[in-house]
Protein chains: 2
Amino acid sequence: MARKPTSKETARKPNMREAILAAAEELFATNGFNAVSVRDIAQAAGANPGSVTYHFKTKDGLLLEIYRRHCGPMNLRRSELLAAAKRVRDLQDRLEAIVRAYVVPAFTSGSDLAGGGARFTRLRAVMSAEGNEVARRIIAQTFDDTSHAFIDAVHESLPHIPRPDIVWRSHFLLGALYYSLVTPDRVSRLSRGEADGSDAASAIEQLVQATVAAFQAPALDQAAPARRRAAASSKT
Amino acid sequence: MARKPTSKETARKPNMREAILAAAEELFATNGFNAVSVRDIAQAAGANPGSVTYHFKTKDGLLLEIYRRHCGPMNLRRSELLAAAKRVRDLQDRLEAIVRAYVVPAFTSGSDLAGGGARFTRLRAVMSAEGNEVARRIIAQTFDDTSHAFIDAVHESLPHIPRPDIVWRSHFLLGALYYSLVTPDRVSRLSRGEADGSDAASAIEQLVQATVAAFQAPALDQAAPARRRAAASSKT
DNA sequence: TGATCTTTTGTACGATAGTACAAATCTCAT
DNA sequence: ATGAGATTTGTACTATCGTACAAAAGATCA
């Protein structure tokens with residue numbers, strides 16, 4: 001084999017590095033980190049396995065770069081939306097806007113990257129579930145600021161709710177958000193086709209609506225004890 | 001006869017099969033399926049790698065057996081609690097009892113197995129995130145009945161809410177439940193120590209409270225459109 | 001006890017993992 | 001065109017993977 005005419009027949013890849021990143025993001029997000037091999041990624045990107053090593057040195061390095069690529073834009077977008085939300089005058093609307101500022105960037109792209117932020121958010125969900133070390137480090141130092149800002153904003157809208165309760169509820173929000181991206185088919189299945197779990201717009205609206213109501217629920221201390229007993233009769 | 005030796009000390013291995021199951025459950029739940037090797041499991045159980053093959057044939061078979069071991073008891077427990085909840089007369093209390101019937105067995109053991117159901121639920125969360133094939137098959141055919149029963153029960157308590165909305169909200173519930181078991185430390189961290197994410201009792205109460213409020217939120221169709229964009233001081 | 005069945009051990013095999021590295025190829029200013 | 005740097009390719013190495021299997025050890029009961 002003297003030569004191979006790669007320049008003409010295949011669509012010219014102006015940036016193989018981007019193709020590898022996109023392929024890895026997709027594969028990691030759907031199968032987890034360890035289930036995907038470097039060779040799988042290379043094949044999906046139409047690249048050579050060695051090319052992955054060249055661009056990202058290690059598999060961890062590849063994951064790291066995926067995070068680096070998305071964290072900035074997404075958090076920036078969240079900050080902007082949060083700042084705008086805080087300016088909403090009506091209290092009820094403001095809370096909804098705050099929640100929306102947290103949810104929307106997770107579903108839609110926070111940058112120019114194709115495929116949207118949903119894929120990256122799903123990736124985060126999967127890495128979180130797997131207890132991935134690289135992801136854990138990045139998340140703690142990158143997203144905690146954003147989370148705190150969000151929690152503070154919610155707390156300002158609901159000053160009568162203790163902060164720990166708000167932390168719990170925003171934690172539930174993130175879990176619900178993650179799970180909606182991980183197994184959207186379950187929504188379609190359980191609703192017998194009446195709802196489409198893959199529809200981002202529906203997911204956002206439903207999630208915002210439910211979360212706002214959850215945040216507005218009375219705090220545990222002041223509400224539950226009075227009528228606790230009737231509900232939980234059998235207990236270990 | 002010598003007394004039954006406690007399983008913590010080296011002592012004797014009365015049931016290596018159980019030790020392997022427990023070790024695998026723990027390792028899978030914390031690291032994912034592919035990140036854990038059969039050798040890791042064997043070592044954690046104090047067994048020989050070949051012993052795993054003998055008892056469970058394959059790694060998939062081991063995972064399958066873990067599911068088989070838990071699904072029955074947990075769903076049975078849920079059915080019992082759900083039946084009891086449906087008998088609660090007060091509407092508000094009934095809804096709370098229904099939600100509790102869904103949540104409690106996921107946190108506490110549904111059987112005599114040590115370690116509680118939390119570990120298994122966390123395992124399910126991780127397998128779900130990884131898109132594990134074995135788990136996917138079992139879940140669809142084992143948990144969907146339970147989920148439908150739960151959704152129907154909630155719908156009976158809230159007949160004015162469209163069923164798809166209830167599906168979405170119960171989906172969020174499961175996501176929040178999963179995430180609370182996957183990264184409890186995040187709650188502790190974001191609350192700056194004011195809340196303990198590892199405390200099952202707190203998690204349950206917070207989750208039930210938030211979820212009941214979410215279920216009771218007005219449906220999307222009838223509430224949102226009126227005040228979506230403009231500031232709405234008027235109530236329709 | 002000895003025979004038989006169950007369980008555990010030790011080892012090995014083929015497949016595949018991540019990664020390194022040199023050769024081949026491409027890009028582009030000069 | 002040419003040479004230098006950037007990128008891609010091909011291949012190989014070592015480690016570890018899941019699993020198979022024969023031998024050793026333990027258990028059970030006539």
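Keep in mind that what you see is a predicted model, and the values were worked out from it rather than measured. Reminder, nothing fancy here: chain letters follow the sequence lines and each chain counts from 1.
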Without placing hydrogens or testing angles, list every side-chain donor-acceptor pair under 3.5 Å for residues 192-201 of chain A, not counting sequence neighbours.
| unit_1 | atom_1 | unit_2 | atom_2 | d |
| --- | --- | --- | --- | --- |
| A:Asp196 | OD1 | A:Ser198 | N | 3.0 |
| A:Asp199 | OD2 | A:Ser202 | N | 3.3 |
| A:Asp199 | OD2 | A:Ser202 | OG | 2.5 |

Identify each atom pair where a protein N or O and an N or O of nucleotides 13-15 of chain C are less than 3.5 Å apart, giving names and distance.
none

Quiz item: C:dG18 P sits how many Å from A:Ile20 CD1, rounded?
Solution: 14 Å
Quiz item: side chain to side chain contact (heavy atoms under 4.5 Å, CB included) with A:Ala149: which residues, sequence neighbours excluded?
Solution: A:Leu82
Quiz item: Can you tell which of C:dG18, D:dT8, D:dG18 lies closest to the side chain of A:Ser51?
Solution: D:dT8
Practice problem: Specify the separation, in whole Å, of atom CG of B:Asp40 and atom P of D:dT19. | Solution: 14 Å
Quiz item: For B:Tyr67, what residues pass the ring-ring contact (aromatic ring centres under 6.0 Å, His included) criterion, not counting sequence neighbours?
Solution: B:Phe120
Quiz item: Under 6.0 Å from the CD atom of B:Gln43, do we count more than 12 heavy atoms belonging to anything else shown?
Solution: no
Self-check item: Partner residues of A:Asp40 under the side-chain hydrogen bond (donor to acceptor under 3.5 Å, both in side chains) criterion, sequence neighbours left out
Solution: A:Ser37
Quiz item: Going by the salt bridge (Lys or Arg N to Asp or Glu O under 4.0 Å) test, which pairs reach into residues 130-144 of chain A, not counting sequence neighbours?
Solution: A:Glu133-A:Arg136, A:Glu133-A:Arg137, A:Asp144-B:Arg189
Quiz item: When the nearest nucleotide of DNA chain C is assigned to A:Val38 and to A:Gly50 on a heavy-atom basis, which residue is associated with the more 5' position?
Solution: A:Val38
Quiz item: Counting only side-chain N and O atoms of B:Asn48, is one of them less than 4.0 Å from OP1 or OP2 of C:dG10?
Solution: yes
Practice problem: Rounded to the nearest angstrom, tell me the gap between atom CE in A:Met16 and atom P in C:dC26. | Solution: 13 Å
Exercise. Return the value, rounded to whole Å, for the distance between atom CD of B:Gln43 and atom C1' of C:dT9.
Key: 15 Å
Exercise. Check side-chain hydrogen bond (donor to acceptor under 3.5 Å, both in side chains) between A:Asp60 and all other residues, then give those that pass, not counting sequence neighbours.
Key: none
Quiz item: Among residues 53-62 of chain A, which residues get a heavy atom nearer than 4.0 Å to DNA chain D?
Solution: A:Tyr54, A:His55
Quiz prompt | side-chain hydrogen bond (donor to acceptor under 3.5 Å, both in side chains) involving A:Arg186 - partner list, sequence neighbours excluded | solution = B:Ser147, B:His171
